[in-house]
Protein chains: 2
Amino acid sequence: MICLTESVWAPPDLPTGIVGRMCRTPPPAGRKGRPRSLEADAAILSATREALVDLGWSKLTMGDVAARAGVAKTTLYRRWAGKSELVVDAVAVLFDELELPDLGSLAADVRGVVLQFAALLERPEARTALMAVVAESTRDEALRARIRHAIVDRQKRLVLEGRRRAQERGELPYEADESAASRTADLIFDVVAGAVVHRSLVSAEPVDGEWARAFTGLLLGGLTAPSPG
Amino acid sequence: MICLTESVWAPPDLPTGIVGRMCRTPPPAGRKGRPRSLEADAAILSATREALVDLGWSKLTMGDVAARAGVAKTTLYRRWAGKSELVVDAVAVLFDELELPDLGSLAADVRGVVLQFAALLERPEARTALMAVVAESTRDEALRARIRHAIVDRQKRLVLEGRRRAQERGELPYEADESAASRTADLIFDVVAGAVVHRSLVSAEPVDGEWARAFTGLLLGGLTAPSPG
DNA sequence: AGCTTTCGCTACGACTCGTAGCGTATATCT
DNA sequence: AGATATACGCTACGAGTCGTAGCGAAAGCT
């Protein structure tokens with residue numbers, strides 16, 4: 001359901017919750033023969049995150065991951081086309097941890113999502129992997145789609161949820177034009193996620209409560225509004 | 001003057017304009033002997049950009065760049081420690097082309113800088129290189145500093161210039177507290193640059209006039225302000 | 001001149017890549 | 001049960017890249 005591309009696949013009979021995570025090269029169409037080991041899947045993805053922490057993106061090798069997972073190198077290549085695809089799937093689960101508790105106001109919810117996303121970017125696996133796979137995806141449309149389904153959509157849910165709540169509270173208007181509303185949501189998503197990523201990885205400065213408060217003030221009130229304080 | 005790290009160096013007697021670009025491994029302290037060829041420098045950086053267009057970041061190799069530049073591989077390693085450093089310097093010059101003509105209003109200036117930066121990110125050299133070197137820099141402090149001096153500072157100038165103009169026009173207040181003003185400028189920079197990068201490379205959707213207008217409206221007026229149109 | 005450094009070239013060991021072949025294990029289909 | 005089909009671990013392989021070393025020749029500085 002999450003995997004739309006032909007080159008990815010999900011086992012048909014799994015609890016719905018984890019289907020979204022299983023994105024790998026499909027086994028030949030027929031359903032005969034020995035099935036792929038789910039333990040191997042988990043071990044490989046876990047080993048990949050571990051290797052990302054220890055080695056970073058550029059020094060991570062398929063052979064090293066296979067050794068850490070206690071698995072043959074050929075087993076990796078049977079499931080993933082390469083390093084990029086493997087890392088996307090390995091990091092994707094981190095984004096499942098993102099949640100957006102209702103903090104009572106739009107401003108508080110924005111600060112909450114900013115700090116949550118920032119905390120995720122503090123983790124070395126995510127830091128080193130995210131930018132790297134995005135860089136790879138600039139020349140690989142399939143990889144871009146995989147990132148969108150495995151990572152971006154998981155983040156975007158938070159924005160949509162936050163907006164829905166704000167509309168119910170009366171803090172934001174319901175937009176009549178659906179396509180315009182969609183464009184607005186995309187815009188807000190790019191602004192929030194982009195700003196946090198840029199602050200954290202490019203400017204390399206902390207996304208703390210103070211910054212989150214300043215950012216939220218700017219996002220809600222705008223540049224020309226008088227700053228609160 | 002731009003190169004602050006010990007591991008980088010600039011020739012002492014060059015026109016001030018290009019000093020900022022020359023950031024490479026320094027020759028041994030003494031100033032005797034045959035000087036390094038400036039033609040080789042230019043050829044290598046040009047060949048690097050060309051290779052980025054043809055091959056992208058991941059398939060770009062030092063050997064290939066050397067061949068394109070008509071230079072021995074050892075000549076590259078004498079100047080740059082590795083692929084990351086070389087690519088940062090090769091791409092840095094692209095950011096010199098960024099300019100911010102006075103368009104008469106803060107809104108117009110924001111739209112202008114957004115579209116200029118977006119146009120830069122349309123170039124395949126920049127697309128594939130920027131995220132890759134940022135990803136590398138997450139585990140390399142020296143590389144992070146190099147990126148800051150060679151790339152980030154060049155962008156930030158535009159933000160500072162735009163704010164100065166807006167203050168002169170009376171569109172933005174002069175902030176008394178200097179450190180607070182600096183924090184605000186950093187925030188705006190991360191929001192603008194981050195949003196454009198995220199839209200262009202992660203969401204992989206066009207940064208056109210329509211998006212620039214919507215973004216500018218959001219930045220100036222904020223979420224809670226009624227959108228114009 | 002004499003000294004110092006760079007340059008192009010070749011060669012090298014170490015590493016990674018992605019694939020192929022083998023024998024064995026584990027599932028489904030008849 | 002037996003046949004079939006696939007996954008698995010293992011080993012081995014050619015190809016490509018890395019970063020460095022050594023060489024003789026070239027080019028500037030004092």
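In this text the structure is predicted, and so the values were computed from the model without any measurement. All values below were derived from every heavy atom in this structure, side-chain atoms included, with hydrogens, water molecules and symmetry-related copies excluded. Each chain gets a letter, A, B and so on, in the order the sequences are listed, and its residues count up from 1.
Of the residues in residues 59-67 of chain B, those with a non-hydrogen atom less than 4.0 angstrom from any atom of DNA chain D are B/Thr61, B/Met62, B/Gly63.
Rounded to whole angstrom, the span from the CG atom of A/Leu76 across to the C1' atom of D/dA7 amounts to 14 Å. Rounded to whole Å, the distance from CG on B/Leu86 to P on D/dG19 is 12 Å. In this structure, the CD1 atom of B/Ile44 is 12 Å from the C1' atom of C/dT6, given to the nearest Å. Counting to the nearest Å, the P atom of C/dG8 and the CZ atom of B/Arg36 are 12 Å from each other. Following rounding to the nearest Å, A/Trp57 (CH2) and C/dT16 (C1') show an atom-to-atom distance of 14 Å. Distance A/Leu38 CG to D/dC8 C1': 14 Å, rounded to the nearest Å. Look at NZ on B/Lys83: it is 7 Å from P on D/dC18, rounded to the nearest Å. Rounded to a whole Å, the CD atom of A/Glu39 is 13 Å from the C1' atom of D/dC8.
Remark: B/Glu85 does not engage B/Arg146 in a salt bridge, criterion side-chain N to carboxylate O under 4.0 Å. The pair A/Glu161-A/Arg164 meets the salt-bridge criterion, since a charged nitrogen lies less than 4.0 angstrom from a carboxylate oxygen. A salt bridge links B/Asp54 with B/Arg68: the closest approach of a Lys/Arg side-chain nitrogen to an acidic carboxylate oxygen falls below 4.0 angstrom. Between A/Lys156 and A/Asp186 there is a salt bridge, since a side-chain N of the basic residue sits under 4.0 Å from a carboxylate O of the acidic one. A salt bridge links B/Arg154 and B/Asp96; the closest N-O separation between the charged side-chain nitrogens and carboxylate oxygens is under 4.0 Å. Between B/Asp41 and B/Arg36 there is no salt bridge, since no side-chain nitrogen of the basic residue lies less than 4.0 Å from a carboxylate oxygen of the acidic one. Ion pair A/Arg183/B/Glu210 flagged as a salt bridge, since at least one NZ, NE, NH1 or NH2 atom sits closer than 4.0 Å to an Asp/Glu carboxylate oxygen.
Remark: A/Glu97 pairs with A/Arg123 by the side-chain hydrogen bond (donor to acceptor under 3.5 Å, both in side chains) rule, at least two apart or across chains. Legend: residues meeting ring-ring contact (aromatic ring centres under 6.0 Å, His included) with A/Trp211, ordered by chain and number and at least two apart, are A/Phe215.
The number of heavy-atom neighbours closer than 6.0 Å to CD of B/Glu99, taken from other residues, nucleotides and ligands shown, is 12 or below.
Contact check for A/Arg165 versus A/Leu100: side-chain heavy atoms found under the 4.5 Å cut-off. Looking at heavy atoms from C-beta onward, A/Met131 lies in side-chain contact with A/Val197 at the 4.5 angstrom threshold.
Taking the six-membered ring where tryptophan is involved, the planes of B/His198 and A/Phe189 are perpendicular, since the angle between them exceeds 60° and thus also 30°.
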Filtered N/O pairs between nucleotides 9-12 of chain C and protein, under 3.5 Å:
residue, atom, partner, partner atom, Å
C/dC9, N4, B/Thr74, OG1, 3.1

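The overall bend of the helix from C/dA1-D/dT30 to C/dT30-D/dA1, read as the angle between its terminal helix axes built from five base pairs each, is 30° when rounded to 10 degrees.
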Practice task
Summarise protein proximity over nucleotides 23-30 of chain C in one line of letters, 5' to 3': B for base, S for sugar-phosphate only, - for none, counting protein heavy atoms closer than 4.0 Å.
Solution key: --BBBSS-

